[in-house]
Each structure stands twice: as structure tokens, then as C-alpha cells.
Amino acid sequence: MIALTRLRWLVFGLSGLFLVLFTVALGLWLYNTRLQLIDRTRDEALQLALAAEQQLVSTLFHVDLSLRALERRIERLGPDLSPGGEEVRTALIDVLDQSLVIRDLTLIDNDGRWVAGVLGPRGQALSPSVTIGRAAEAANAVPRVVLSPPLRLERVDLWSVVAMLRWMEGDIRRGWIVAELPTETFSAMFRPLIGSRSFRISLHLENGITVARTPHDPAVIGRQAAGWQQTRAGVGVLVTSTTLDRGEEALVTVRPIAMRDLALRISLPSAAVLAPWYRTLVGSAIAWVAVVGVVVLLTLWVVLSLGRQRLAIAALAESRAEIANQRELLQATFEHISEGLAIFSPDGRLLSWNDRFLDLMDLPSSLIKPGITAFDVTLFQIERGEYGPVDNPEAAARERVTRALSLDSYQLERPVNNGRTVQIRLQRIPGGNMVGIYIDITNQKSHERELIEARDLAHAASQSKSRFLAHMSHELRTPLNAVLGFAEAIRSRMMGDNIDPRYIDYADHIHRSGSHLLSLINDLLDLSRIESGRLRIRINAIDLGELVHKVEILSAGMLSAGNHALNVSLPPEGTVLFADQRAIEQILVNLISNACKFSPRAAPVSLSVTRLPDGQMEIVVRDQGSGMPPDKVQQALTPFGDVVNDYTRQHSGAGIGLRLVKALMGLHGGAIEIESALDVGTTVRLTFPASPGGHGIEVEG
């Protein structure tokens, strides 16, 4: 016992150690996964930055070449250029036409005065403070194109940047060549690099002023990027900031453009970066909970098993003592059991039996001795006449015994000479022996005969009930029609308007209740007529289009009361059904009434008609109501078999609608099939046989 207790504590310790190691390993794996995801995103951002840098350098190189080509062409025109001259304007236009990124070209002298331009003096919109300011000084300091901060030009109302190049003639500087570049050009240039990903690419001056952004966002152009110094300090690496990209937390890579005083910033929102990791985190949490649950359950199972084992050891000693007692008890039970028992060997020798076996089979004790066989017993019974006249008793006995011993189980019922009826069950058990159980079923057979007589009486009573219902339905309809007539007279003020309005309301309630009762009586009458075999239907060719239209009119009140829409689907070609029109109308109105009654307000109801390949006609009524469990479908088809659940409990009904539909379909030789599920809806499928040989046939129910 002490060893088992120590073993249980060892199991608890090992389970706790496993959970700790598993939790640590899972945490390290998640941490490593997060680092790998960030590293992979950083590599993607760096690759994207390199691609964007190539595009930008290529574009600026193109602008540089265009401006230098213009400089050489102007130099060939000579030093005496008249402002606005046609030759220099032509040169500007030629260079502008060959460029895909330059919107306008302008020549400005050393004093910032306009010399020539494509748009002319009136179109020149560059501020001298801009052109001669920082950008002009940079252009004077280095022999390359430099970019100015973005400008919002009034003549186009768009953001642009100015690219400037020194205008030299030999060693003499005459001014600057100025090119206007739309900022959206850079946004469009970077857009194919992003594709469908969530990356954002922005172009900045070295002081953080935003030149362009992809996706394009005019609101940030010309403004210094928030947290620029923080991201600038992380050139070429991935850093985290909460102030970039309109306050979103983002992972940012900044790459300076050599010799251009520009920088590219590649950013991706942290939510997009870590979304896969968060999904992995959720899955890992679920896995951790599952593993912990399994380990706890296994630990409890092992501990409980050890406890049961301790109890089993204690009980083992007791069970050994009980075995001897049970052996004696079994022998006593074998002798005092109410059924007859006999055990036969595989070759038919009788091994053991009880006195009840001898009594039931009316066998003398002098016959049943050790070593007797089933053949000897059967031959004795045949010779006694229990199996009727037999020409060759020995052959008949051998055939019966051989057949019984060749089977694994065998059962029969037969009378015995003592007047009893005995049921004999033979069953093979492990080892090949056969156990025979002999049961006196004399009283059971007598009871079965009594049940058959009672069934016949019940059938007769059912017929009487049906006739009584039919008679009572007729008797009830006569006064009920009078009630409905007088209620309608009061409700319609037939005797004048001088009447208390409350009586009008009372009469309306009386009329509605009476109409409902009359409908139930009619259904009961039809059902009783069908069950009594007195309902006749007349088969005719029915245009289903007209029939469905009439059913829509008859169901309009029920549909509008619940704001239900009836969706009708008919074959494009005309469809004819051979059936009794009144019965089919009654079937469809009942099904639509059920669909409206058990569907939530405004839920649609559908009715569809399909001709099957074998010529049968199928009508389907489907709703999205409360439904019923599949195992309750047959109950709904029985008389008064109202299936109640939390939703249907609030609706009235006698529970005979579906039973009446089933009975009417039976008269047509058709079938009804119901598919239903709780909170999903119900589908009722009606299948009619192919058209009969003639019209106007009367079929007796």
C-alpha cells in the first residue's frame, strides 16, 4: 500500500514537470517564431527598398540626362539668348516631349529671373525664394540635379517637386535649368513594387520632408514625417515606432539614397506583420490547453487506476473465497431454475440436465441416464407420436439431431404430450458444447390469442369511432354555420349601425374562432372519411400554374399576417398534374399554413414544382422555421401527433394537418417525405405518380 502511495506522488511530480517543460518549450518556440517573422519582414522590406531605390535612381538619372542634354543644346545656341526666344522654347519642348516624368521646363538666370519656359512667362509659377534658396545653393555646390521640397502649384493644384541643374557655358554659370516633377509620378513608380501587400513606400528629403507616398496620400506630402529622427537613426534596420503612419505602430526600414540627399522609407503596420504570429499564438494557446487537459486527465486516470488496483488487491482475496460459494450456488440454481436446462456435447451426448427439463419434455427419469444421446431422446419422442406419423423413426431422429448439432443456434416451438407448448433454444458455447433452454410458453400462446382477439375488437372500435366522428362532425357543422352567419351579420352591421362597437369586436372574435373550429371539424371529417374508406377523389388534369395561383390567393391572409413571402418556382413549360384539385389545394394550403405558423416573422416560404425523369411530379414546400428533431418526423404524421418544442409551444393546432396530408397523398398513390432539423427549417416533399390512363377517374378511399 505504501508503494502505491509513493507511486501516485511520483505520477503527480512527473506530470507537473512535463507541463512546465512543455510550457517553456512552447514559449521559446513562439518567441523564436516571432523573431523569424520580423527578420523575414525586414528582409522583404530591404529587398523592396533596393528595388524602389533602383527605380528612383533610374528616374533621377533620366531627369539628369534630360537636363544635361538641354544644357548642351542651349549652349550650341550661343550666349545671346533673348528671353522667351522661339529657338530655346523649341529646345525645351523637344526635351519635355522625350521625358515621361517631367511636366514643365524653365530657364532661370543667376538673379532668379525667368529666361524661357514651355508654359511662357505667364505660366511660370516658381517662387524666386524657392529657386534661388536652398535648392539653388545645392545646385551651385554640386554639378548634379537636386530636388526641392514639394510645392503645391496653383495652376494645376497638384503637388510637385523642382529638380534643378546649374546652367553653365564653359566655366561661367548663367543660371539654372528647372524641371517640374509631379509627386504622383513617384507614387505611381513605386506602386507596382507593392502589389497586393500592405507595405507603404515614401520618399523623403534628408530632413524628413515627405516628397511622395505609395499608396498616394496628398495629406502627408510636404510635411515632415513624425518621428523622423527616431527612424533615421535606424538606417538599414528594422525599428518600431508608435508615431509613424498616422499613429499606427509600424515596422520601418529607412534607406538613404547616395549622392541625392534623399531617403526611402519602407513601412508595414505591425498588425500586418504579426497577424500570422497572432494566429499561431491562438492555435498554440488552444494546443497548450488541450495538452494540459490531456495530461491532467491522464494523471487523474493513472492515480484513480492505482487506487482501483489497491482496492482490487483487497478484493482479490475475497473473490477467491466467493468462487467456491458461487460454484455451489450455481449448482443449486441449475437445479431450481424455472426453465429446463440441458447440455449436449458436440457429438450429441447429454452431459448435464435439471429436473425441470424432464418435467417440461415429459421424459421419464428411467430414460435419462448418463451416456444417453440426443438421438435416443428424439427417437423416444418420435415413437411416442409427438411428431406425427413417421415411416422410419430412426432415420427421422438421426436427420433432426444431425441438423440441430450442425447449427450454432437453433430455436423452435412445439407441443408436448402433456399439453404444454415448449420453446426450445439451442446455443453453442465455447468448447463446442450445446446448451439447450426449454421454456414453458403455454400461457404466452394463450395470451397471444387473446391479443389477436383484442386487436380485432380494437379495429372494430376504430371503425365505430370513425363513423361517430363523421356523424358528430356533420352535427356540429350545422349549428356552427349558424353561429358564423349571425357573427358575420353583427360584424357587417347588417341590422344597422346603431350598435355598441364592442359587440363588433366580439362578433369578429366569434367569427374567427368559429372559422378555425369549422376548419378543424372539416379536417376531422375528411380524416374520418378516409379512415372509414368513404372518401372518393376525382382524378383530372390540373394546370399547376393556375392551381398554385389559387393556393397563393387562399394563403394570402396567413402569409400577410406573418409578413412572409411565398417564393414560387415552376418549370418553364406548362405542367399538368393528374389529381383531385380540391384535395391538392387542401394539401398545399395545409403545408403553407404550417410553414407560416412555425416560421419567424418575415421568413420566406418556398414552393417549387419539378417533373422527375421517370414522369413523376414532385412538389416541395420549404420553410426556415423552428423545425423538429428528425426522430420526431414520424410522430408528426400520426393523428394529433403535435411535436412540441420551445418555439412551437406558443402556436395552436390539433396536430392533424400532416396526417391529413399523408392520407390524401395515399389516396393519390403518392408519397410524402419530411426533412427537418431544429432551428434550421422543414422541407416537405410530395411525390405524385405518373399520369393515369384516363381523366375523371373516381378512386374510393
Side-chain angles (χ1 to χ4, degrees), residues 9-55 190-204 208 213-215 225-257 263-303:
W9 283 110
L10 178 61
V11 170
F12 278 123
L14 291 177
S15 299
L17 179 61
F18 171 78
L19 290 178
V20 171
L21 293 177
F22 175 73
T23 303
V24 172
L26 183 62
L28 292 176
W29 177 77
L30 288 172
Y31 178 74
N32 186 55
T33 302
R34 187 177 187 276
L35 292 181
Q36 290 178 354
L37 183 62
I38 293 176
D39 289 342
R40 187 163 57 249
T41 305
R42 178 179 58 198
D43 293 340
E44 287 187 51
L46 290 175
Q47 293 297 326
L48 186 60
L50 289 174
E53 180 183 12
Q54 292 177 358
Q55 290 274 28
F190 297 143
R191 192 175 299 120
L193 300 177
I194 297 177
S196 60
R197 295 177 295 180
S198 301
F199 280 103
R200 298 168 184 169
I201 302 177
S202 55
L203 178 63
H204 300 269
R213 183 181 184 275
T214 304
W228 176 253
Q229 295 303 324
Q230 178 186 358
T231 56
R232 186 68 171 174
V235 174
V237 297
L238 205 64
V239 297
T240 303
S241 173
T242 57
T243 58
L244 294 174
D245 296 293
R246 295 187 174 183
E248 294 180 348
E249 186 177 32
L251 299 177
V252 181
T253 295
V254 177
R255 182 173 181 83
I257 308 301
L264 284 169
R265 188 187 68 183
I266 313 298
S267 64
L268 183 65
S270 297
V273 175
L274 298 177
W277 185 79
Y278 286 128
R279 290 194 294 270
T280 303
L281 181 62
V282 172
S284 300
I286 295 173
W288 184 86
V289 172
V291 170
V292 170
V294 170
V295 171
V296 170
L297 291 177
L298 287 176
T299 302
L300 293 176
W301 178 77
V302 171
V303 171

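Note that the coordinates shown come from a computational prediction; the quantities given were computed from them, not determined experimentally. We're numbering straight along the sequence, starting at 1.
Looking at every heavy atom in both residues, I194 comes nearest to R200 through CD1-CA, 4.5 Å. Summarising the geometry of I266 relative to A45, their closest heavy-atom pair is CG1-O, 3.9 Å, with the distance given to 0.1 Å. Across H204 and S202, no two heavy atoms sit closer than the pair NE2-OG, 2.8 Å. Annotation for A263 and V254: closest pair CB-CG1, 4.2 Å, computed over non-hydrogen atoms.
Atom CG of residue L48 and atom CG of residue D43 lie 12.5 Å apart, to the nearest 0.5 angstrom. Going from atom OG1 of T41 over to atom CD of Q36 covers 11.5 Å, rounded to the nearest 0.5 Å. Separation of atoms CG (L268) and OG1 (T253) is listed at 9.5 Å; rounding is to 0.5 Å. Within the model, atoms CZ of R213 and CD1 of I201 stand 11.0 Å from one another, a figure rounded to the nearest 0.5 Å.
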Between L264 and L203, does a side-chain contact (heavy atoms from CB on, under 4.5 Å) hold up when you go through it step by step?
-> CA-CA 5 Å; L264 284 169; L203 178 63; 3.9 Å; yes

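When the options V289, V295, V294 are evaluated for a side chain to side chain contact (heavy atoms under 4.5 Å, CB included) with V291, the one that passes is V295.
The side-chain heavy atoms of Y31 and L35, taken from C-beta on, include a pair separated by under 4.5 Å.
With sequence neighbours left out, the side-chain hydrogen bond (donor to acceptor under 3.5 Å, both in side chains) criterion links E53 to R255. Among residues two or more places apart in sequence or in another chain, the side chain to side chain contact (heavy atoms under 4.5 Å, CB included) test is passed with E44 by R40, R197, F199.
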Name every donor-acceptor pair, under 3.5 Å, that has one atom in a side chain of residues 272-281 and the other anywhere in the protein, sequence neighbours excluded.
residue	atom	partner	partner atom	Å
W277	NE1	L30	O	2.8
T280	OG1	P276	O	2.9

Tell me which donor-acceptor pairs under 3.5 Å the side chains of residues 11-26 have, and how far apart each pair is, sequence neighbours excluded?
residue	atom	partner	partner atom	Å
S15	OG	V11	O	2.9
S15	OG	T299	OG1	2.6
T23	OG1	L19	O	2.7
T23	OG1	W288	NE1	2.8

